[in-house]
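Below you'll find the structure, written out as C-alpha cells, and then a few comments.
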Amino acid sequence: MSALHDWSLTPTVAVALQRELATRLSLIPPAGWTSPDAWPATITGVDIGFEEEGAITRAAVVTLDLATLEPLEQRLVRQPTRMAYIPGLLSFRELPAAIAALELLQQPPECLMVDGHGIAHPRRLGVAAHLGLWCDLPALGVAKKRLCGKHDEPGEERGDWVALMDRVREPDAALGLIDDPTRAKREQRSRLGAVLRSRINVKPVFVSPGHRMDLETALALTRHCLGKTKLPEPTRLADQLASRRLKQLR
DNA sequence: GCGACAG
DNA sequence: ATCTTGTCGC
C-alpha cells in the first residue's frame, strides 16, 4: 500500500498505477439512488486552486444540503505543491490537498462532486474517479474542458446534453462502458459521460461518473445542483473558495 | 510522425 | 490553474 501513499511518482509509474486502480472502480450507484427521494442528505463540492506561481496548492471542500443546495460546512487547506501538472496525471497533483481538506470536515461527506473528469480520462481514472476510489465514496466529475473522447454539440436549452464517446480502452468492458456490445468490435465505442448545457449561451460542462456512480445518476445529480451559473453549486462554491484570494483578517 | 492535452 | 479592467448582454 505504500505506493498508494506516495504521490511523488514518475509519470511512468503513475500511469501504471492508474491502470491498476481503474480496475477497482465500480460504477454501480448505491441502491435506491435512482430516485431523488433516496439520495443522501448532502453533497460535497471539491476544487483545487494555486498561489505563489503554483508552489502552494489550495484545496477547498464545501458540503451542501442536497435538497436546498444551502452550504452547511466548508474547509480550506493550503500546502506545498508536490508535483507538476501533467495532462492525464492531474489527480497526483491535486489529491493530497483535497484529501486533507475532506478529513477536516466535521460531518463525513456522503457524495463528492469534483472539478475535473471522472472516468472521462484516457485510462478511466480522472481526478474524480481517483478521489472517489480513495475515499470509497460515490463521486462524479464536472469538468469545464474535454480531455478525451468526441461529441456532438449539445442543444441550446439548459439541460440539453449529448453523450461523450471514446474508442474502447482496456478497462471499458469490465466497467460496462461499451455502448453497443452487439456491434462489430471495430465499431464499438465507450460511453464516458455527458456534455451538458448547464446554461444558455455558455460552453457546456463535461459530466462523468467517478466511482460508485453511473452516468444517469451523475447527470441527475448535476442537473439538480444547477443554479444560475455554468457550474453546479457544489463545484461553484468550492471553486470560489479555492480561487478567490481571501481577505486578510486582522 | 503530428496533434491533443482536465486543472 | 494563474496573471488582469472594463464591458457587452440577459
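Convention: sequence-line order gives letters A, B, ...; per-chain numbering from 1. Everything numeric in this text was worked out from a predicted model, so none of it was measured.
With hydrogens and angles left out, the side-chain atoms of A:E73 and A:T63 include no donor and acceptor closer than 3.5 Å.
The residue from A:K185, A:R183, A:R189 that alone fulfils the salt bridge (Lys or Arg N to Asp or Glu O under 4.0 Å) condition with A:E187 is A:R183. Of the candidates A:L226, A:D239, A:D47, A:L231 forms a side-chain contact (heavy atoms from CB on, under 4.5 Å) with just one, namely A:D239.
Counting to the nearest Å, the C1' atom of C:dA1 and the CG atom of A:L241 are 16 Å from each other. Between the CE atom of A:M83 and the C1' atom of B:dA6 there is a distance of 14 Å, given to the nearest Å. Distance NZ (A:K145) to C1' (B:dA6): 8 Å, rounded to an integer number of Å. The nearest whole Å value for the distance from the CG atom in A:L231 to the C1' atom in B:dA6 is 13 Å. Between the NZ atom of A:K230 and the P atom of B:dA6 there is a distance of 13 Å, given to the nearest Å. To the nearest angstrom, C1' of B:dG7 lies 10 Å from NE2 of A:H117. The separation between A:F92 atom CZ and B:dA6 atom P is 17 Å, rounded to whole Å. For the pair A:E51 CD and C:dT4 P, the interatomic distance rounds to 14 Å; values are reported in whole Å.
Contact annotation for A:N201: no contact, since no heavy-atom pair falls under 4.0 Å across all strands. Note on A:F50: only backbone sugar-phosphate atoms sit closer than 4.0 angstrom, heavy atoms only; bases stay farther off. Counting any heavy atom pair closer than 4.0 Å across all strands shown, A:L89 reaches a base atom. Using a 4.0 Å heavy-atom distance criterion, A:G54 is classed as making no nucleic acid contact.
With respect to A:R197 and A:E153, a salt bridge is recorded, a charged nitrogen being found less than 4.0 Å from a carboxylate O. Salt bridge annotation for A:R124-A:D166: present, with a cationic side-chain nitrogen under 4.0 angstrom from a carboxylate oxygen.
OP1 or OP2 of B:dG7 has at least one side-chain nitrogen or oxygen of A:K144 nearer than 4.0 Å. In this structure, A:R58 reaches the C:dT2 phosphate: one of its side-chain N or O atoms is under 4.0 Å from OP1 or OP2. In this structure, A:R146 reaches the B:dC5 phosphate: one of its side-chain N or O atoms is under 4.0 Å from OP1 or OP2.
Side chain of A:L90, nearest nucleotide from B:dG7, C:dT2, B:dC5: B:dG7. The side chain of A:S243 lies closest to C:dT2 when the candidates are B:dA4, C:dT2, B:dG7. Side-chain proximity of A:V127 to B:dA6, C:dA1, C:dT2: nearest is B:dA6.
Stacking is not found between A:F206 and the pyrimidine-like six-membered ring of the B:dA6 base under the 5.5 Å centre-distance and 30° plane-angle cut-offs.
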